[in-house]
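For reference, the structure is listed below as structure tokens.
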Amino acid sequence: KFLAFAIASSVAIFTTTAVWCWPEGVVEWKYLAPFLAYAAASCGALSLNFLKVIALALRVTVSQEANELVKPHSFLALVALATYAPLQLALLNSVLTHSPVSYAV
């Protein structure tokens, strides 16, 4: 189930990001803002999941059961976290800048 969510969300995130990078005026912000918000939320969800993978690998490594930090899934989670976390902030900033929000937490 997570793999399907991760693939579908990644496709949506990178498609939205590609449209977001188009020249100004091609797509109106009022139509793009909901997709940017969805992409930012998906980036946040994926970031938390990949952070949990890294935290669990670190916990197992510190308890000296096995060195999970050198396994491929830990490296993949670290690369994914480094990709999705900054992208979440950039997308969220763009949504809040271009949407008619008067108060946001």
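Please read these numbers as outputs of a predicted model, since none were measured by experiment. Keep in mind that the numbers below use all heavy atoms, side chains included, and drop hydrogens, waters and symmetry copies.
- By the 30° and 60° cut-offs, the orientation of the rings of Phe50 relative to Tyr84 is parallel.
- Atoms OG and CD1, from Ser74 and Ile54 in turn, are 7.5 Å apart once rounded to the nearest 0.5 Å.
- Leu48 and Leu76 fall into different hydrophobic clusters, defined by Ile, Leu, Val, Met, Phe, Trp and Tyr side-chain heavy atoms under 4.5 Å apart, directly or through other members.
- Closest approach of Thr15 to Val11, counting heavy atoms only: OG1-O, 2.7 Å.
- Cluster membership check: Leu46 does not share its hydrophobic cluster with Leu89, using side-chain heavy-atom separations under 4.5 Å among Ile, Leu, Val, Met, Phe, Trp and Tyr.
- Scanning both residues, Leu69 and Ala57, for their nearest heavy atoms gives CD2-CB, 4.0 Å.
- Nearest heavy-atom pair, Ala6 versus Ser10, reported as atom, atom and distance to 0.1 Å: O-OG, 2.7 Å.
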Verdict with reasoning, His73 to Glu68, per side chain to side chain contact (heavy atoms under 4.5 Å, CB included): CA-CA 9 Å; His73 66 272; Glu68 290 289 322; 3.2 Å; yes
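- Using a 4.5 Å cut-off on side-chain heavy atoms (C-beta onward), Val19 and Thr16 make no contact.
- The hydrophobic clustering, which links ILVMFWY residues whose side-chain heavy atoms are closer than 4.5 Å, places Phe14 and Trp20 together.
- Using a 4.5 Å heavy-atom cutoff, the side chains of Ser42 and Tyr38 are in contact.
- In the hydrophobic cluster analysis, where Ile, Leu, Val, Met, Phe, Trp and Tyr join through side-chain heavy atoms closer than 4.5 angstrom, Leu51 is grouped together with Leu91.
- Expressed to the nearest 0.5 Å, how far CD1 of Ile13 lies from OG1 of Thr17 amounts to 7.0 Å.
- Shown here for Val95 and Ala37, the closest heavy-atom pair between the two residues is CG2-N, 3.4 Å.
- Of all non-hydrogen atoms in Leu81 and Ser47, the two that sit nearest each other are CD1-O, 3.4 Å.
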